[in-house]
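What follows is a short report on a single structure.
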Amino acid sequence: MTDSFKCRENCGACCIAPSISSAIPGMPNGKPAGVACIHLDEDFHCRLFRQSSRPSVCGRLKPCFEMCGNCRQQALDYLSQLEQLTRV
C-alpha cells in the first residue's frame with residue numbers, strides 16, 4: 001500500500017461491504033456486512049473521518065489498488081469476498 005493512493009470519489013465501498021464488530025456512534029452493536037454505515041453521507045464520504053469517535057478499524061483500513069480496483073464495483077466485490085473469507 002502506498003500513501004499516494006487516494007479514495008475514489010462516490011465509492012464508499014469500505015463503509016458498506018465489511019462488517020464492523022465494534023460499536024460505532026449511533027450503531028452500538030457495530031455494522032453488518034453489506035449495510036451502509038449510518039455515517040456515510042450522500043456523496044459516500046464518512047462523516048466521522050478525522051474524528052476521535054471514528055472506529056479504529058476504519059482508521060486502519062487504507063485505500064490501495066488491490067482493495068479498490070478500477071471502479072466502485074470492484075471494490076465492493078473485493079471487500080465482500082474478503083468479508084466472506086474472514087467470517088468466523
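Reckoned from all heavy atoms, side chains included, excluding hydrogens, waters and symmetry mates.
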CA sep, side-chain torsions, deciding dist, call: L79, C14, side-chain contact (heavy atoms from CB on, under 4.5 Å): CA-CA 7 Å; L79 288 165; C14 59; 4.1 Å; yes
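- Residues P25 and L48 meet the side-chain proximity criterion, which asks for heavy atoms closer than 4.5 Å.
- Scanning both residues, P55 and I24, for their nearest heavy atoms gives CG-CG1, 3.7 Å.
- With sequence neighbours left out, the salt bridge (charged side-chain N to carboxylate O under 4.0 Å, His left out) criterion links E9 to no other residue.
- Using a 4.5 Å heavy-atom threshold, the side chains of C37 and M27 count as touching.
- Residues passing the side-chain contact (heavy atoms from CB on, under 4.5 Å) test with S19 are A33, E83, sequence neighbours excluded.
- When all heavy atoms are compared, the tightest approach of N70 to R8 is C-NH2, 3.3 Å.
- With hydrogens and angles disregarded, no donor-acceptor distance shorter than 3.5 Å links the side chain of K31 to the backbone of A23.
- One distance of note links OG of S21 with CG of N29; it measures 11.0 Å at 0.5 Å rounding.
- Linking Ile, Leu, Val, Met, Phe, Trp and Tyr residues whenever their side-chain heavy atoms come within less than 4.5 Å leaves V57 and Y78 in two separate clusters.
- Remark: R72 is positioned above the aromatic ring of F44, its terminal NZ or CZ atom under 6.0 angstrom from the ring centre and at most 45 degrees off the axis.
- No donor-acceptor distance shorter than 3.5 angstrom exists from the side chain of D43 to the backbone of H45, with no hydrogens or angles considered.
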Check against side-chain contact (heavy atoms from CB on, under 4.5 Å), I16 and L40: CA-CA 9 Å; I16 299 169; L40 190 63; 3.8 Å; yes
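- Clustering ILVMFWY residues whenever any of their side-chain heavy atoms sit less than 4.5 angstrom apart, transitively, puts I20 in the very cluster that holds I38.
- In this structure, Q73 CD and S80 OG are separated by 8.0 Å, a value rounded to the nearest 0.5 Å.
- Heavy atoms from other residues, nucleotides or ligands lying under 6.0 Å from CD of E66 number 12 at most.
- Among residues two or more places apart in sequence or in another chain, the salt bridge (charged side-chain N to carboxylate O under 4.0 Å, His left out) test is passed with R47 by E42.
- The NZ atom of K6 lies 12.5 Å from the SG atom of C68; values are rounded to the nearest 0.5 Å.
- A donor and an acceptor atom, one from each side chain of Q81 and D77, are nowhere located under 3.5 Å apart.
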